[in-house]
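Counting convention: from 1, in listed order, for ligands and their atoms alike. Along the sequence shown, the residues carry numbers beginning at 1.
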Amino acid sequence: MSVAEKSIAGAEARGHGFMASSVGRKVIMAATGIILFGFVTVHMIGNTQAYMGAVAFNEYAKFLHSMLHGDGIWIFRTVLIVAAGFHIWSATSLTLDNLAARPEGYRAQQNVASTWASRTMRWTGVFLAAFIIYHLLHLTTGTVHPNFDHANPYANFVNGFKVPAVAGFYIVAQLCLGLHMWHGVWSFTQTLGLSHPRYDSLRRNFAAGLTILVVGVNITYPIAVLTGFIH
Ligand code: HEM
């Protein structure tokens, strides 16, 4: 099947409308990406309570679980799950379309204009999905935690990062998050129509600044436990 035939076949299989068009799916990917990066940023800020000690951190965790009489966290979890689902769906579907439409020998040419972060988006995305599953089993359900105590999130945090392999995995995952965020923030500002020579340096600085802040602070958590600063 020729490249043009493959593209037409793919488009026909998806049907018509906003979700079927590649622009529509890019907008969905950008909108859900904003929700997910927003969450990661707020989560990073919330976790700074660990530097205030056990009481402050556990009070913060209690607050999260008691918002709107306990319904708040479920509303919030539903939004996150729906956003993550649409994000993964749009990314997968756009990737499959790109692979189907890519002419032989195009890859080398494309690499000239793209950055390493952009070329690794799908791999950092898959790694992050695996990290999130592990992270939930580790610090939310405690399934893979050595001594989880539902009543003491601070102890779970400290005891969890005392295992060097686990702390190392979290650090690698944050570097992956960094690559994904850096290119992701750059891309969604483009999808939102801010791609203009006048705004490009602002977009570049915003993407780099937000990424360095989130990843930089997140990496301090396992390091602070490993070095005994948080204990
Ligand atoms: C080193 C960095 C991080 C630390 C120290 C950390 C810490 C925590 C802790 C302690 C909890 C449990 C809160 C509780 O049950 O009270 C939690 C939950 C969670 N974390 Fe993280 N986290 C980190 C990075 C991330 C990243 C990068 C993501 C997403 C990409 C993420 C996504 C989540 C999610 C989705 C939950 C579940 C929230 C809920 O209960 O619905 N975390 N995290």
Sub-4.0 Å atoms of ligand 1 with respect to non-hydrogen atoms of L177 | 27 (C)
Please could you name the atoms of ligand 1 that F157 approaches to less than 4.0 Å, counting only its heavy atoms?
-> 5 (C)
Does one side chain, of T220 or Y51, offer a donor that lies under 3.5 Å from an acceptor on the other?
-> yes
In this structure, atom 1 (C) of ligand 1 is nearest to the protein heavy atom N218 O, 3.2 Å
Do N152 and N58 meet the criterion of a side-chain donor-acceptor pair at a distance under 3.5 Å?
-> yes
L64, portion touching ligand 1 at heavy-atom distance under 4.0 Å | neither
Hey, does W182 have a side-chain heavy atom less than 4.5 Å from the side chain of V185?
-> no
Flag atom 13 (C) of ligand 1 as yes if some protein heavy-atom distance to it falls below 4.0 Å, otherwise no.
-> no
Name the closest protein heavy atom to atom 32 (C) of ligand 1, giving the residue it belongs to and the distance to 0.1 Å.
-> F39 CE2, 3.4 Å
What are the atoms of ligand 1, with element, lying closer than 4.0 Å to any heavy atom of A61?
-> 16 (O)
Do the non-hydrogen side-chain atoms of L226 and F161 ever get within less than 4.5 Å of each other?
-> no
Would you please name every residue forming a side chain to side chain contact (heavy atoms under 4.5 Å, CB included) with F63, sequence neighbours left out?
-> M67
Do any N or O atoms from the side chain of H138 and from the backbone of T143 form a donor-acceptor pair under 3.5 angstrom?
-> no
Does some side-chain heavy atom of K26 sit less than 4.5 Å from a side-chain heavy atom of I28?
-> no
Determine whether the aromatic ring centres of Y170 and H135 lie less than 6.0 Å apart.
-> yes
For ligand 1, the portion of L128 having any non-hydrogen atom under 4.0 Å away | neither
Grab the two heavy atoms, one from Y154 and one from A50, that are nearest each other, plus how far apart they are.
-> CE1-O, 3.8 Å
How are the rings of H150 and F148 set to each other: parallel, tilted or perpendicular (split at 30° and 60°)?
-> perpendicular
Total protein N/O/S atoms sitting under 2.8 Å from atom 21 (Fe) of ligand 1, waters ignored, is 2
Among non-hydrogen protein atoms, atom 39 (C) of ligand 1 lies closest to R77 NE, 3.3 Å
Check L36 against ligand 1 and report side chain, backbone, both or neither, counting heavy atoms closer than 4.0 Å.
-> neither
Measure the shortest side-chain to side-chain distance between H183 and R119 over non-hydrogen atoms and say whether it is less than 4.5 angstrom.
-> no
What protein heavy atom sits nearest atom 37 (C) of ligand 1, and how far off is it?
-> L136 CD2, 3.4 Å
Closest non-hydrogen atom pair between A83 and L36, with its separation | CB-CD2, 4.2 Å
Taking only non-hydrogen atoms of F131 and a 4.0 Å limit, the atoms of ligand 1 in range are 26 (C), 27 (C)
Look at the side-chain heavy atoms of Ile, Leu, Val, Met, Phe, Trp and Tyr, link any pair under 4.5 Å apart, and say whether I132 and I34 land in one connected group.
-> yes
Work out whether the distance between some heavy atom of H65 and some atom of ligand 1 is less than 4.0 Å.
-> yes
Does Y60 come within less than 4.0 angstrom of ligand 1, counting non-hydrogen atoms of the residue?
-> no
In terms of atom number and element, which parts of ligand 1 are under 4.0 angstrom from non-hydrogen atoms of F161?
-> 5 (C)
